[in-house]
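Chain identifiers are assigned alphabetically (A, B, ...) following the order of the sequence lines, protein sequences preceding nucleic acid strands; residue numbering begins at 1 within each chain. As a basis for the values below, the full set of heavy atoms in this structure was taken, side chains included, without hydrogen atoms, waters or symmetry mates. Computed from a predicted structure; not experimentally measured.
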There are 2 protein chains.
Amino acid sequence: MTRNSLAEKNCSLARALDVVGEWWSLLVVREAFFGTRRFQDFVDNLGIARNILSSRLKRLVAEGVLSRAERADGGVDYALTPKGEALMPVLVALMQWGDTFANAEPAPVVLTDRATGTPIAPLSVRAADGRVLTPQDMRAVPGPGADAQLRARLMPRSSKR
Amino acid sequence: MTRNSLAEKNCSLARALDVVGEWWSLLVVREAFFGTRRFQDFVDNLGIARNILSSRLKRLVAEGVLSRAERADGGVDYALTPKGEALMPVLVALMQWGDTFANAEPAPVVLTDRATGTPIAPLSVRAADGRVLTPQDMRAVPGPGADAQLRARLMPRSSKR
DNA sequence: CGGAATCCGTTCGGATACTG
DNA sequence: CAGTATCCGAACGGATTCCG
């Protein structure tokens, strides 16, 4: 299995990518964040092919990222579940990185704090005590779910780098 | 153009995905974070096909995410550039989400603060003043780079939701 | 060791048409 | 409106081979 093999890997990142790493998935999730709920609106706003959208929605619903509800008038609403809302940091991280490094300057969309109307802060990785960490400040260590191979790969190099 | 059309879109997220959204890209970046630098090590650690790795490395170098340097002994080193290191929040966000929602419980890898050895904090989106924001606390507004269509889509819905 | 090149099956994704 | 079904070209990705 080409893609699914990723999910089997001993890696949370691969697992996450297996769920939302497909080409349109995160765009669909972002649309949902923006308030889009109808099939047709997704099509119009994203310019996505209908069969692909159908496939992505199905997958996201199956994974519990979106909920699907038929309305009284026959329409169908897709909305983010808590699991889907938990993807916010992922979206924000990607958007901010895109704005900073991969864009032709002017940000098309700005996320603001509803209370103050001011833009949100740049995401930063922090220690448990709140200190902002750089990549050099961090270290990857085997967790409880690490297999032997992974453990061997992460432990030995004491502080080489 | 199938994929490239994404990059043309008026959306930082799409731009970011165009660069690091391909199937192996973020895994490669994560490996680089873990200290992997040699072609063969990427192959061994990720189980990626050599031609695909070659393609991804080339792209990431071209995009300025990785640097490529030939060493005295003829070997080649790939390392993260600042632009690549700036992807850390993206990786962390995905890993944490995967750990929390898409995994069979035990985290295979734990990122720790090198100074204290304790796990890093969960990522959270914050307002400019540091308050933690929920998705409901946020609002997407058109930025300076928004086109007419996007502007029309983001403005009108005053506070509906 | 670090690729480039080729082969080949699978999948992706757009377009279109059809259904309820 | 919300899909489903089909077609088809393009891309992906693995395996293998060859090379400096």
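The pair B:D77-B:R71 counts as a salt bridge, with a side-chain nitrogen and a carboxylate oxygen less than 4.0 angstrom apart. Using a cutoff of 4.0 Å between basic side-chain nitrogens and carboxylate oxygens, B:E31 and B:R37 are not scored as salt-bridged. Salt bridge absent: A:D41 and B:R153 never bring a charged side-chain N and a carboxylate O closer than 4.0 Å. A salt bridge links A:D113 with B:R131: at least one charged nitrogen is closer than 4.0 Å to a carboxylate oxygen. In this structure, A:D137 does not pair ionically with A:R126, as no charged nitrogen and carboxylate oxygen lie closer than 4.0 Å.
Atom P of nucleotide D:dA2 and atom CG of A:N45 are separated by 12 Å, given to the nearest angstrom. Following rounding to the nearest Å, A:L17 (CG) and D:dG13 (P) show an atom-to-atom distance of 12 Å. To the nearest angstrom, P of C:dG2 lies 10 Å from CG of B:L57. Atom P of nucleotide C:dT11 and atom CH2 of B:W24 are separated by 16 Å, given to the nearest angstrom. Regarding B:D41, its CG atom lies at a distance of 7 Å from the P atom of C:dG2, rounded to whole Å. One interatomic measurement links the two molecules: CG of A:L53 to P of C:dC12, which rounds to 15 Å at whole-angstrom precision. Per the geometry, CZ belonging to B:R37 stands 15 Å off P belonging to C:dG3, to the nearest Å. For the pair B:D18 CG and C:dG13 P, the interatomic distance rounds to 13 Å; values are reported in whole Å.
Comparing C:dG14, D:dC12, C:dC12 by their nearest atom to the side chain of A:E22 picks out C:dC12. In this structure, the nucleotide among D:dG14, C:dG14, C:dC1 sitting nearest to the side chain of A:I52 is C:dG14. Counting only heavy atoms from C-beta on, B:R68 has its side chain closest to C:dG2 among D:dA2, C:dG13, C:dG2.
Within the 4.5 Å cutoff, no side-chain heavy atoms of B:L66 are placed close to those of B:T81. The shortest distance between side-chain heavy atoms of B:R139 and A:L111 does not fall below 4.5 Å.
Neither OP1 nor OP2 of D:dG14 sits under 4.0 Å from any side-chain N or O of B:W23. Of the side-chain N and O atoms in A:S54, one or more sit less than 4.0 angstrom from OP1 or OP2 of D:dT4. Side-chain N/O atoms of A:Y78 include none lying less than 4.0 angstrom from OP1 or OP2 on D:dC1. Considering only side-chain N and O atoms, B:K58 lies nowhere under 4.0 angstrom from the phosphate OP1 or OP2 of C:dG3.
Contact annotation for B:F42: no contact, since no heavy-atom pair falls under 4.0 Å across all strands. Residue contacts for A:R71: at a heavy-atom cut-off of 4.0 Å it reaches no nucleic acid atom on any strand shown.
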Inset, instruction - Classify every nucleotide of nucleotides 15-20 of chain C by which part a protein heavy atom approaches to under 4.0 Å, writing B for the base, S for the sugar-phosphate alone and - for neither, in 5'-to-3' order. - result: B-----
